[in-house]
Amino acid sequence: MGNFSVHHLIYRYHQRKRVSSKQNIDAYDYQAILEEVRGEIARNHAEELAKEMGTATFRERMRSLITRYVNRNSLADKLDIVSLVDAIYNDMAGLGLIDAYLSDSDVEEINVNGWEPGAVWITTPQGKVQASMAFASAEESENIVTKAARLGGVTIDGAKPYGDSFLTRGIRMSGAISPVTDGEIGAMASIRKQKPSFVTRENIIRWGTMTAEQLELLSVAICHGISVAVAGATGSGKTAVIGLLLSEVPDGDRIVTIEDTRELNLVKRDGEGHVLNDRVHFLTKEPPNPITMQDMLIHALRYHPKILVPAEMRGKEAWTAQEAGRTGHTIVSTLHANSAREAYDRILTMCLLADTTLTEERLLRNIVSAFPLMVFKRQLPDGSRKVMEIFEATGVVAGEVSGNTIYKFVVSGKESDEQGHIVKIRGEHLRVGSLSPKLCQQLFDEGVDLEFIYRYNPAFTPLKGIS
């Protein structure tokens, strides 16, 4: 119980374990006060704190609870109450300088490169800067990273000194400690915050990430049976894009999502808390007894989804995804790649892990058929995120994917500060191509108005009655 903190209790809450915090307090020294307050908060407030973790109100709420129990039980008769609350909060909240940045709604990423001054970097919409605070020691940095990992049920220790976890919904962390890092330098971590409340249609357009026309094309495609994948590097905002697109799917269309950690929150509720839409969310499971994305993807097909969302393809689940995409399911997913065209080769590489007997060219043709539309998103040097390309794949020629670039972000210039750092990339989203007659026909057969289709191919002539 001596190392128990609010982060431990949130971890136990996530694991649905019961927290028992009964203490026999004989003397009100600091440790006894700490244990009593821990016990009260664990028994009475685990669920609400789990929901508030990482929000701007968490610190205030936590301090308020500590103050309440200290005052109610007259625990601070001989101690300065402000100092006492500060000490208890630091022991219970326990993420040190990271806590302040987690509570800052502007912070998107926290990157820890050790314990020394200048080793922590913070990314906001305004750019990337070094944190003004530092850890007290290498040991403190390691303690905080291991404690943060436990929030998602992941143990980082000497036996397994690295891992991926989540602090709470929408906040992911990859962390490592010695011996895979230099013990004198301390822990390494990358914490990424997704802010779904900010990723709205209005904001995406205002930020210049996409245009209203691009959003409409992708939304119409997904809602009418056309599979879409979003490619890009880590931190480019791929999940945010598919979350926005999926939020526009009609409430009655069943969406089944599969994620390693829960980031997509597609459930809509009315004012009384009643669920309004048909959404199913699954999670994979880490060892021991792992449950992989491939396992859950096969299982999810039995739920009769209108849209199936393996949130990120990284291995042989890509084979099952493309097979489902060619057999009547709409697939929406993400993957790591450096361009829209390269994304198809990346999917091919993943599919080959499934030990298929198909030739690479035959398999590539299947992948093109499964994913007609590919979106490429990138974080530019000024920190902004842009949809760089929307590409339609139409076939395979001499082993290479052929197709049409429908939209492209064209860079026209840049602005730099006095130190030469790029502070703004200038450019615009341009329509540079048309949809193929085949894709236009698919949209027409699914009930899309000709007026909309003609915007993307004025020469299209529908083959009415032929599907």
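Note that the numbering runs from 1 along the sequence shown for the chain.
- Counting only distance, with no hydrogens or angles, the side chain of Arg269 and the backbone of Gly271 share no donor-acceptor pair below 3.5 Å.
- With rounding to the nearest 0.5 angstrom, the CG atom of Leu363 is 10.0 Å from the OG1 atom of Thr357.
- Side-chain contact between Lys285 and Met296: absent, with no pair of heavy atoms (C-beta onward) separated by less than 4.5 Å.
- Shortest non-hydrogen contact noted between Gly315 and Met350 is O-CB, 3.3 Å.
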Walk me through whether Gln442 and His224 qualify under side-chain hydrogen bond (donor to acceptor under 3.5 Å, both in side chains). CA-CA 9 Å; Gln442 286 180 260; His224 292 85; over 6 Å; no
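- With 3.5 Å as the limit, one finds no donor-acceptor pair spanning the side chains of Asn366 and Ser369.
- Arg254 places a side-chain N or O within donor-acceptor distance of the main-chain N or O of Tyr303, the cut-off being under 3.5 Å.
- Side-chain contact check for Glu248 and Ser219: at least one donor-acceptor pair (N or O, by modelled atom type) lies under 3.5 Å.
- To the nearest 0.5 Å, the span separating CD on Gln379 from CD1 on Ile425 amounts to 11.5 Å.
- Nearest heavy atom pair, residue Thr209 against residue Lys377, reads CG2-CE, 3.6 Å.
- A salt bridge does not link Glu259 to Arg172: none of the charged nitrogens lies less than 4.0 Å from a carboxylate oxygen.
- Taking His429 as the reference, Phe409 meet the ring-ring contact (aromatic ring centres under 6.0 Å, His included) condition, with sequence neighbours excluded.
- Between the side chain of Lys193 and the backbone N or O of Asp104, at least one donor-acceptor pair lies under 3.5 Å.
- Side-chain contact between Leu244 and Met210 is absent, with no heavy atoms from C-beta onward closer than 4.5 Å.
- Two residues are said to be in side-chain contact when any heavy atoms from C-beta on lie closer than 4.5 Å; Asn143 and Phe135 fail this criterion.
- Taking SG of Cys351 as the start and OH of Tyr344 as the end, the distance is 12.5 Å to the nearest 0.5 Å.
- At a threshold of 4.5 Å between non-hydrogen side-chain atoms, the residues His329 and Leu301 count as touching.
- For Ser174 (side chain) and Asp164 (main-chain N/O), no donor-acceptor pair under 3.5 Å exists by modelled atom type.
- Separation of atoms CH2 (Trp207) and CD (Glu202) is listed at 11.0 Å; rounding is to 0.5 Å.
- Looking at Thr123, its side chain never comes within 3.5 Å of a backbone N or O of Glu108 through a donor-acceptor pair.
- By the 4.0 Å N-to-carboxylate-O rule, Arg192 lies too far from Glu263 to be salt-bridged with it.
- Proximity of a side-chain donor or acceptor of Thr330 to a complementary backbone N or O of Ile307 within less than 3.5 Å is not detected.
- When the options Leu217, Asn404, Ile453 are evaluated for a side-chain contact (heavy atoms from CB on, under 4.5 Å) with Leu435, the one that passes is Leu217.
- Without hydrogens or angle criteria, Ser141 side chain to Ala187 main chain gives a donor-acceptor distance under 3.5 Å.
- Here the CD-CD1 distance, from Glu323 to Ile367, works out to 10.0 Å after rounding to the nearest 0.5 Å.
- Across every non-hydrogen atom of Ile331 and Ala321, the tightest pair is CG1-O, 3.6 Å.
- When the shell of 6.0 Å around CD of Glu360 is examined, it contains 12 or fewer heavy atoms from other residues, nucleotides or ligands.
- When side chains are defined from C-beta on, Lys316 does not count as touching Thr292, because their heavy atoms never get closer than 4.5 Å.
- Rounding to the nearest 0.5 Å gives a distance of 9.5 Å between OG of Ser436 and CZ of Phe460.
- The number of heavy atoms from other shown groups lying within 6.0 Å of NZ (Lys386) is above 12.
- Residues Leu102 and Ile191 form a side-chain contact, since some pair of their non-hydrogen atoms from C-beta on lies under 4.5 Å apart.
- Summarising the geometry of Phe391 relative to Ala340, their closest heavy-atom pair is CB-CB, 3.6 Å, with the distance given to 0.1 Å.
- Side-chain contact check for Gln294 and Thr320: at least one donor-acceptor pair (N or O, by modelled atom type) lies under 3.5 Å.
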Applying side-chain contact (heavy atoms from CB on, under 4.5 Å) to Ile122 and Ile110, what does each step give before you reach the verdict? CA-CA 5 Å; Ile122 306 300; Ile110 306 165; 3.9 Å; yes
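- Heavy-atom neighbours of Tyr162 OH from other residues, nucleotides or ligands within 6.0 Å: at or below the threshold of 12.
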Carefully, step by step, assess Ile347 and Met374 under the rule side-chain contact (heavy atoms from CB on, under 4.5 Å). CA-CA 11 Å; Ile347 297 173; Met374 185 67 65; 4.0 Å; yes
With side-chain hydrogen bond (donor to acceptor under 3.5 Å, both in side chains) as the test, would you mind laying out the steps for Glu142 and Ser178 before giving the verdict? CA-CA 8 Å; Glu142 292 198 347; Ser178 59; 3.1 Å; yes
Under the side-chain contact (heavy atoms from CB on, under 4.5 Å) criterion, do Thr146 and Ile156 qualify, and how do the steps go? CA-CA 5 Å; Thr146 56; Ile156 294 179; 4.1 Å; yes
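- Looking at Gln130 and Asn113, their side chains never come closer than 4.5 Å, going by heavy atoms from C-beta outward.
- Of the residues listed (Val332, Val241, Ile390), the one engaging Val230 in a side-chain contact (heavy atoms from CB on, under 4.5 Å) is Val241, and it is the only one.
- In terms of modelled atom types and a separation under 3.5 Å, the side chain of Arg378 and the main chain of Ser339 share no donor-acceptor contact.
- Counting heavy-atom neighbours within 6.0 Å of Glu116 CD, excluding the residue itself, gives a total above 12.
- Formation of a donor-acceptor pair under 3.5 Å by the Gln441 side chain with backbone atoms of Leu463 is found in this model.
- Using a 4.5 Å cut-off on side-chain heavy atoms (C-beta onward), Val267 and Asn277 make contact.
- In terms of heavy-atom proximity, Ser165 sits nearest to Ala149 at OG-O, 2.7 Å.
- In this structure, Lys424 contributes its side chain and Asp382 its backbone to no donor-acceptor pair below 3.5 Å.
- The minimum heavy-atom distance linking Val107 with Thr124 is given by the pair CA-CG2, 4.1 Å.
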Please assess Ile255 against Arg279 for the test side-chain contact (heavy atoms from CB on, under 4.5 Å), listing each intermediate value before the final yes or no. CA-CA 5 Å; Ile255 298 176; Arg279 305 294 184 258; 3.4 Å; yes
